Every structure is written in structure tokens, then in C-alpha cells.
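Worth knowing before you read on, the calculation uses all heavy atoms, side chains too, and leaves out hydrogens, waters and symmetry mates. These numbers were taken from a predicted model, which means no experiment stands behind them. Indexing begins at 1, ligand by ligand and atom by atom, following the structure's order. This chain uses plain numbering: 1 for the first residue, then up along the sequence.
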Amino acid sequence: MLRPQDTTTRERKPLTGLWRFRLDGAGEGRSAEWFKRPLADTHEMAVPASFNDIAADPAVREYFGDVWYQTTVRVPRGWDGRRIVLHFESATHRATAWVNGTQVVAHEGGYTPFEAEVTDHVQVGEEALVTVVVNNTLNWQSIPPGVIEDTPHGKRQVYWYDFFSYAGIHRPVWLYATGRAHLTDVTVVTGLEGATGSVRYTVEAENAGGTQVEVVLRDADGVEVASGTGPSGTLTVENVHRWAPGDGYLYDLEIQLVDENGTILDSYHQSVGVRTVAVDGTRFLINGEPFYFTGFGKHEDIAVIGKGHNDAYLLHDFELLEWIGANSFRTSHYPYAEAVLDYADRRGIVVIDETAAAGLNPPFFGGFFGGQGYTTFSPETINDQTREVHAQAIRELVARDKNHPSVVLWSIANEPESDTEGAERYFKPLFDLTRQLDPTRPVGFANLLVATYGKCRVSQFGDVVMLNRYYGWYVNTGDLDAAEQAWEEELRGWASEGKPIIITEYGADAYPGLHSLIPQLWSEEYQVALLEMNHRVFDRVDAAVGEHVWNFADFATTSGITRVAGNKKGVFTRDRQPKAAAHALRRRWRKDL
Ligand code: GCB
């Protein structure tokens, strides 16, 4: 699937703005065919945004079930004879869409795009009625999983991850047009041989009989540097300007579908960063050079908008990454908006790209978040069918993000149960699948602190060890001396495996403005002291090739006795003001100051 674009042959129309919106607590809308006519009794809802925090109503915030969105779009008259497509960048956690009363698409998974051709269901020059039912109910066969529990006070949705389960249409929706003969996919794989770069491309197309594929690669000044013909091939770039961390240099690959008369039937632009990624012993190499990750696990999380994509926050967050000296982040705990990855490409920020497989660990997290008494891997809970949904989530992630130079590592899950035979059986095929889909990038998963060195049965499948560790917080709470010793001991154990280790989470909650001369838990001083303890450990272990603090900013969670109006492990507050830890990290990471 290609992301909608405006090109010489393609046009798109955004369907963002205010839509009609209605909760469907009784679950009646589908059988009553609400998609056939204008929705009754509606509010207005912003798209893109999470619906949860828009209304001042706890019932909306905590709602799970079907919610209905509807809008009308006038199909441009100039699109007569064109192929018309309705495209969603995401809808959380699943959605079904109708156009003028006809179902056109249904999609499972909250963070990857889906689309449908709607040519036969619309009239050019006329308005089309677009209705979407979004459903955010989690179950054992969803990624992420969850359950609905019956309580004396009604049904409650329970899940085993530590961020608020925002839902809705979180990213832009588009109507776009192409010709009948059109490109459907492009894959680029880049290589380096000294000063020479290579761009291997593969293009797929539909209704393209009698056409020819022509490609032109241009540098950032628009100067042609290579060209080719045919649906696949390799382009060579002499004196290549590499994509590198901190230098987001991009070439533009224009792909054209041309008929016998030389008419361009379709044109698409793919940006290309020429770089290589490899693991060599305990080193993580980008362009053959050892790379040390500095940065964060982030969230898509902002006040009011929730997980809705917001361009202003996108830019501001990257400014803060630069301010603090971060060279990378992880898309914890789900694939982020495509605009985020595009921007990471342009800014030379390195990305660990994660699926939405968080919370595959009810026995452990039940203690924190409720929902206790479940076995993780069993025929009744997370089972073969769940694994197939997980596999599909991986397929969709790789398909979406394979061409981003910023993406250097796939993370196929966050903190699943990983110390049991069930986990080993569940995960082995998913690692195999990811490598088969993309042989060019290493694969890993973020390991939970109870699956310590020697206990984890899943890390053996990873190219990189990714550790989430809270020594000094959840473990050796408040005792940084004991924490330092225990942590170094564990880390040295992992280092003996001979793989690079990225600390994908470490940190402490700090309530902004809370100070204590003798560093106490929850104070800004303790957060700084805990980070510094970690850094002493990392600096003594060569196999540690990265440090991602948990978290970039404070974020919303469910209510709980370990959370003070959300998770406060941010080094920035939720509105992006620095805590003392942000200044401390800046002193460590900004070598230029
Ligand atoms: C973790 C999770 C993350 C939590 C964090 C915490 O290990 O991966 O989602 O928010 O710990 O603060 O407890």
C-alpha cells in the first residue's frame, strides 16, 4: 500500500476536521444500519484525535465498544474516470467503513493504515457519505490484548500495559485518486561500498499491462544522479551523500508508469536515505560505524488530543530531542504516525520501530493494573489465533515502514512474558517472520525486568538484547548503591552473550517541582540520581550500546496507586517543560556544549 500523495498523476483530499460522532453503548448501530443515513443524535468530533478527553464526561473517557463517525466529502468533478480510494492512516483498535451505505473495508489493529477502492460507490461532483464504526474493545485475540470483566458495578475493560487506552481516528483520513494503471508498492534497499551507494528498488503495479516502469533518482538539489527502467533494478550513486544519524540527507526516487506512447500514467515519489545497518558482535553499526543510542521511549500522548497526531507537537518534540542531545527514540508501544517517521528521516533521528504488542503478560501486570488470575499463553487466552493477529501486525508494520532510513531495528513486543516455554513457542515464529519480511534490519523485543539474565527464553531469538530495567525504582527501591551493584551484575551477564545491548527503559517517576535535598523517591533529585547511577553502570559495560530513558514526557495512564495523575517518569512534563533530569541528560548527551 502506498501512502497518499499529490503528484503529477495523483491527487488527494484530506477528510480531517469535525465529523459527526456518536457512542453506541447498546451496540445497536450495525443492525440498525446507521451507515445508511445521516447519524442521529450526534456530537461533533475532531479527526484526528482520541475521542476520550474531548468531552468532560467520565463515561466517554472510559468508554469501550462501538463509536460511530460520519462525514460527507464532495468528490471532485475532475476525478471522472479515475480510480478513487478512501485511505485511513489508522483507527484504534479496529474499524469498518461504509461509503454511501456500502461496506468498503474492515480492519483490525489500531496503528497501521488501511484503504479501499470506492470508485463504484461514489459519483464525481456529488457528496459521498462516509461512515466509520471504530471499536476499541480489547480481547485475547487483539494486539494489544485485554479483557472485559463483569463487576458488581458494571463491565470494566482491563489491559496490562501502562498507558491510557486512547481510541478513535488518530491520524488523517484521505480520499485520493489515481489512474486505472497505478503503482501499488515500492521497496528500496540501500547499500554502501566506499563512496558509492546503491539503491535496489522493486516496484509493484496494477492494471499495468503494456506499461513500462521508469525511475529517476535525484539528490536533495533536484539533480538527477541515476535512472533505471523496469520493475526492479539497482541504481548506483557515486560520491553518495549518506543518510546518517544527525544528517538526514534524502534522495528522491521518482517512479513512473509509462505507456507505449510515453504518457505518464502514474508517478510516485519515494524518499531514500542511503545507509546500512548491521550487528557485529556487541556492536550496532550504522554505515559500518558503531552507533550508541541516546534518547527515549516515547508515547503519542498530549493533553486533550490523546493519541491524535499533531504536527505542532511533532515539531516541538523533535526540537526537544535536539535540545537534549538525543539521537534516537523507540516508538513505544505501537507504530507511530507516518508523519513522525518521515520527519525522523529528514532530521536524521534513529528509530526503534515497535508493534502494538504490549501487555502480553497478565500474571505480572495484573498486580499493577488489575485483571488478575489469567495465564498468558493458553488455548483460552493468548493463543495461535492471537499469534496470527500479531503476525499480521508485524506484516503491516514492515510493509508500512520498510523504506524509512531512520528505522534501524524492529521491536516486535514490549515486556511480554518471556521466561516460559509458552513464550518461547509463541515468539520463535514471529522472529522468523520478521526476518523473512525484512532481512536488512535486526530484530528484538523489550525484555521485562523479571526475565533477568539466565531466565529469559525469548532473547535468544533477538539480534540485539533490549532491556527495560528499573533498578533503584521497582527493584532496590530507594537504595541506589544496592541497585548499582545488582544492575551491573545482571548487565555483565547479558554482555557475556556477545550481542549488543540497548537499555530500552530505565528511569524513575518525579513529580515536577518536588525537591528533596537528600534524594527521596518521586523528587526531581532522585530521578537525576537514578539516571546517573545507570550511566555509571552503562559506561563500565562495553556491550551496552544504547540508553533510552523512560520516558520522554509524562503521560496518561489508568488511575492507580502507583500513578499520580499519570506516569511521571518523563524528563519533560506532559506539556514539555524540563525537569532537573532533562538538564542532567543534556549535560551528558550534548557533547558540543
Ligand atoms: C515498563 C513499561 C512501560 C511503563 C514503565 C513504568 O516497563 O514498558 O510501559 O510505563 O515500565 O513506568 O512502569
Original post:
When Y506 is tested against each of K569, H535, R469 for side chain to side chain donor-acceptor pair (under 3.5 Å), which residue passes?
Top reply: H535
Cut-off 3.5 Å, no hydrogens considered: what does the side-chain donor-acceptor table look like for residues 279-286, sequence neighbours left out?
{"from": "D280", "atom 1": "OD2", "to": "R283", "atom 2": "NH2", "distance (Å)": "2.9"}

Original post:
Does any donor atom in the side chain of N534 or E547 lie under 3.5 Å from an acceptor atom in the other side chain?
Top reply: no
Subject >> Protein residues having a heavy atom less than 4.0 Å from any atom of ligand 1 >> reply: D162, H333, N414, E415, N468, Y470, Y474, E505, W550, F555, R563, N567, K569
**OP:** May I ask you to check whether D162 and N567 show a side-chain donor-acceptor distance below 3.5 Å?
**Re:** yes
Subject >> Set of residues satisfying ring pair (Phe, Tyr, Trp, His ring centres under 6.0 Å) with respect to H170, sequence neighbours excluded >> reply: none
Atom pairs and distances, donor-acceptor, side-chain atoms in residues 314-324, under 3.5 Å, two or more places apart:
{"from": "D317", "atom 1": "OD1", "to": "R576", "atom 2": "NE", "distance (Å)": "2.9"}
{"from": "D317", "atom 1": "OD2", "to": "K298", "atom 2": "NZ", "distance (Å)": "2.8"}
{"from": "D317", "atom 1": "OD2", "to": "R576", "atom 2": "NH2", "distance (Å)": "2.9"}
{"from": "E319", "atom 1": "OE2", "to": "R347", "atom 2": "NH1", "distance (Å)": "3.0"}
{"from": "E322", "atom 1": "OE1", "to": "R347", "atom 2": "NH2", "distance (Å)": "2.6"}

